[in-house]
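Taking it in order: structure first as structure tokens, then the write-up.
This chain uses plain numbering: 1 for the first residue, then up along the sequence. Whatever order the structure lists them in is the order used to number ligands and atoms, beginning at 1.
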Amino acid sequence: MKAVHFGAGNIGRGFIGKVLHDNGYEITFADVNDEIIDALNREHKYTVHIAEENGAAYKISGVKGVHTAQDTEQLAEAIAETDIITTAVGVNILPIIAKTIAPHLEQRGGGKPLNIIACENAVLATDTLKAAIASEIGTHAFSNIGFPNSAVDRIVPIQKNENILDVKVESFYEWVIEADSWAGDDKLDGVNYVPDLMPYIERKLFTVNTGHAAIAYYGKTLGYRSVSEAMKDDEVVVFLRNVLKETTLYLTHNYDFTEVEQSEYIDKIIGRFENPYLSDDLDRVGRGVLRKLGPNDRIIKPLVYLHENGHDHDALSELVVHALKFDNQDDPEQMEMNQIVSEKGVSHFLSTHSGLEKGLLEEIKAKI
Ligand SMILES: NC(=O)C1=CN([C@@H]2O[C@H](COP(=O)(O)OP(=O)(O)OC[C@H]3O[C@@H](n4cnc5c(N)ncnc54)[C@H](O)[C@@H]3O)[C@@H](O)[C@H]2O)C=CC1
Ligand SMILES: O=P(O)(O)OC[C@H]1O[C@](O)(CO)[C@@H](O)[C@@H]1O
């Protein structure tokens, strides 16, 4: 069995690559980073280290690399033969990946089933990728292709290792895939196939990712640099729990999770955030502030729902204020947000970018 995975970064190598390898796939990693591609083609293997006391080390072999823009023929060949295409590039990059994949899908023709799955931190990211491919070539090449949406959860910080391919990950992982959109019978072991993905993806996004954003944006204002450092401050933990209490309201109102189930889920996630064997930079966790303040992302979507339905949303409003003050000079999205805010003001930014209405805007502005 063969796989093409776009994005040989932390999640690509540390999570998706490992699951595919454990399922017996030979993996072609498609990326734009020459150093990683050269290393993949030199070594054809790497090691995934588990971040815990006496953590295990797993050898991943049978891998190679192609450059998405330069190795067109090799990529066409890999896509012609592949059983699965996955991505972990960042949701904003999906339109670029769609342009890369589309012509090769046309050439591939019908034949054996193929599944294409976007593994990004966003709701229904595979639908986004599918629509972008369709706008390139239409849908005539889609017969026998499954486009299941998925939710991926494993914390893999930015890291520098002696061997650039090796990657340190937490032991926890969860990959949930929409069962009904899967093409063919060859399902993956180690993956949870569900009939309805929305409860899982929103629970993950509005707990793990909203929680992480709360630690990053508030922790940074208190002068911390890493998640585990910030988690030692009770003030951060209290704020985190308040934020997650509010997203619990969203999740228990919209889905079948009980408060008890959600509270157990939160405790487990807080344990993951406290992992002393992982050093996760607050700048990484808060990266992409424009995306994170988007109307359907981890902060604004639950906030707007709670406001519209008359529920507590004070902590989420405060989180918006911390996000507006986040200071990460290396993040181009931060620079763009700062420029819009300084030229046109907070109200303009939050109404045009995040889609907030006047009432909520006023509440947030009163907290600045
Ligand atoms: N790191 C984490 O803990 C988690 C990340 N995610 C999601 O996974 C995705 C990837 O995140 P990370 O692996 O952390 O990022 P990363 O920055 O480590 O990896 C992204 C990779 O995509 C490559 N890339 C960029 N443009 C490309 C293009 N046009 N074609 C091919 N490759 C391209 C980059 O060179 C890089 O190697 C994001 O959507 C993130 O939200 C999801 C769960 C956990
Ligand atoms: O990868 P994003 O969407 O920028 O956000 C970072 C978040 O995603 C993760 O990388 C993994 O879920 C978390 O560490 C963090 O909540």
Side-chain angles (χ1 to χ4, degrees), residues 4-17 28-37 39-40 51 65-71 75 85-101 117-123 125-126 128-129 132 150-160 164-165 167-170 172-176 201 203-217 226-228 240 243-244 269 272-273 275 278-294 296-299 323 326 328 330-331 333-334:
V4 175
H5 175 85
F6 285 83
N10 289 322
I11 281 297
R13 300 193 318 280
F15 180 8
I16 309 303
T28 300
F29 283 103
D31 205 293
V32 288
N33 181 324
D34 288 318
E35 222 187 328
I36 296 261
I37 294 162
L40 284 164
V66 294
H67 193 291
T68 53
Q70 291 159 15
D71 303 330
L75 187 60
I85 296 176
T86 46
T87 76
V89 286
V91 70
N92 296 344
I93 307 286
L94 290 179
I96 300 173
I97 300 296
K99 278 194 197 318
T100 307
I101 297 177
I117 315 165
C119 306
E120 317 287 349
N121 273 339
V123 173
T126 305
T128 306
L129 179 61
S150 90
V152 289
D153 190 5
R154 169 169 250 180
I155 297 172
V156 190
I158 291 173
Q159 47 198 283
K160 265 211 165 11
I164 64 160
L165 296 179
V167 56
K168 191 192 253 192
V169 305
E170 65 170 337
F172 177 92
Y173 70 91
E174 188 176 48
W175 187 1
V176 190
I201 185 120
R203 183 178 62 160
K204 187 256 168 178
L205 200 64
F206 299 156
T207 315
V208 183
N209 297 134
T210 312
H212 239 161
I215 302 166
Y217 295 139
S226 73
V227 172
S228 50
L240 166 66
V243 164
L244 296 182
I269 282 159
R272 292 169 59 200
F273 292 159
N275 185 345
L278 275 185
S279 174
D280 205 357
D281 223 31
L282 296 183
D283 281 342
R284 177 196 87 81
V285 177
R287 69 186 172 187
V289 73
L290 285 177
R291 173 169 53 90
K292 289 187 170 118
L293 285 173
N296 290 314
D297 214 279
R298 61 208 76 185
I299 301 170
F326 195 55
N328 176 3
D330 295 331
D331 182 1
E333 291 195 21
Q334 176 85 49

N or O contacts of ligand 2 with protein under 3.5 Å, please list pair by pair.
from: ligand 2; atom 1: 1 (O); to: Asn121; atom 2: ND2; distance (Å): 3.1
from: ligand 2; atom 1: 1 (O); to: Arg287; atom 2: NH2; distance (Å): 2.8
from: ligand 2; atom 1: 3 (O); to: Asn121; atom 2: ND2; distance (Å): 3.1
from: ligand 2; atom 1: 3 (O); to: Arg291; atom 2: NH1; distance (Å): 2.8
from: ligand 2; atom 1: 3 (O); to: Arg298; atom 2: NH1; distance (Å): 3.2
from: ligand 2; atom 1: 3 (O); to: Arg298; atom 2: NH2; distance (Å): 3.0
from: ligand 2; atom 1: 4 (O); to: Arg287; atom 2: NE; distance (Å): 3.0
from: ligand 2; atom 1: 4 (O); to: Arg291; atom 2: NH2; distance (Å): 2.7
from: ligand 2; atom 1: 4 (O); to: Lys292; atom 2: NZ; distance (Å): 2.8
from: ligand 2; atom 1: 5 (O); to: Lys292; atom 2: NZ; distance (Å): 3.2
from: ligand 2; atom 1: 5 (O); to: Arg298; atom 2: NH1; distance (Å): 3.1
from: ligand 2; atom 1: 8 (O); to: Asn121; atom 2: ND2; distance (Å): 2.6
from: ligand 2; atom 1: 8 (O); to: Asn209; atom 2: ND2; distance (Å): 3.3
from: ligand 2; atom 1: 10 (O); to: Arg284; atom 2: NH1; distance (Å): 2.9
from: ligand 2; atom 1: 10 (O); to: Arg284; atom 2: NH2; distance (Å): 3.3
from: ligand 2; atom 1: 12 (O); to: Lys204; atom 2: NZ; distance (Å): 3.2
from: ligand 2; atom 1: 12 (O); to: Asn209; atom 2: ND2; distance (Å): 3.1
from: ligand 2; atom 1: 14 (O); to: His212; atom 2: ND1; distance (Å): 3.0
from: ligand 2; atom 1: 14 (O); to: Arg284; atom 2: NH2; distance (Å): 2.5
from: ligand 2; atom 1: 16 (O); to: Asn209; atom 2: ND2; distance (Å): 2.7
from: ligand 2; atom 1: 16 (O); to: His212; atom 2: ND1; distance (Å): 2.8

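Taking every heavy atom of Ile96 and a limit of under 4.0 angstrom, the matching atoms of ligand 1 come to 29 (N). Near Ala30, the atoms of ligand 1 lying under 4.0 angstrom from a non-hydrogen atom of the residue are 31 (C), 32 (N). Residue Thr68 approaches ligand 1 through these ligand atoms, each under 4.0 Å from one of its heavy atoms: 30 (N), 31 (C).
Only the side chain of Arg284 comes within contact range of ligand 1, with a heavy atom under 4.0 Å; no backbone atom does. When heavy-atom distances to ligand 1 are checked against a 4.0 Å cut-off, Ala122 has no atom that comes that close, whether in backbone or side chain. Contacts of Gln159 with ligand 1, taken as heavy-atom pairs under 4.0 Å, are absent altogether. Residue contacts with ligand 1 for Asp153 are absent, since no atom lies close enough (heavy atoms, distance under 4.0 Å). Both the backbone and the side chain of Ile11 come within 4.0 Å of ligand 1, judged by heavy-atom distances.
Asn121 and Lys204 share a side-chain donor-acceptor pair at under 3.5 Å. In this model, a donor atom of one side chain and an acceptor atom of the other lie less than 3.5 Å apart for Asn92 and Glu333.
The N/O atoms of Val89, backbone and side chain alike, include none that comes under 3.5 Å of an N/O atom in ligand 1. Distances between N or O atoms of Arg154 and those of ligand 1 include at least one value under 3.5 Å.
With distances taken over non-hydrogen atoms, the option nearest atom 1 (N) of ligand 1 out of Asp31, Val156, Val91 is Val156.
Contact record, Glu35 with Ile164: O-CD1, 3.6 Å, taken as the closest heavy-atom pair.
Residue contact check for ligand 1: Cys119 places a non-hydrogen atom closer than 4.0 Å to it.
When distances from atom 18 (O) of ligand 1 to the protein are checked, a heavy atom turns up under 4.0 Å.
If you check which protein heavy atom lies closest to atom 15 (O) of ligand 1, you get Arg287 NH1, 4.1 Å.
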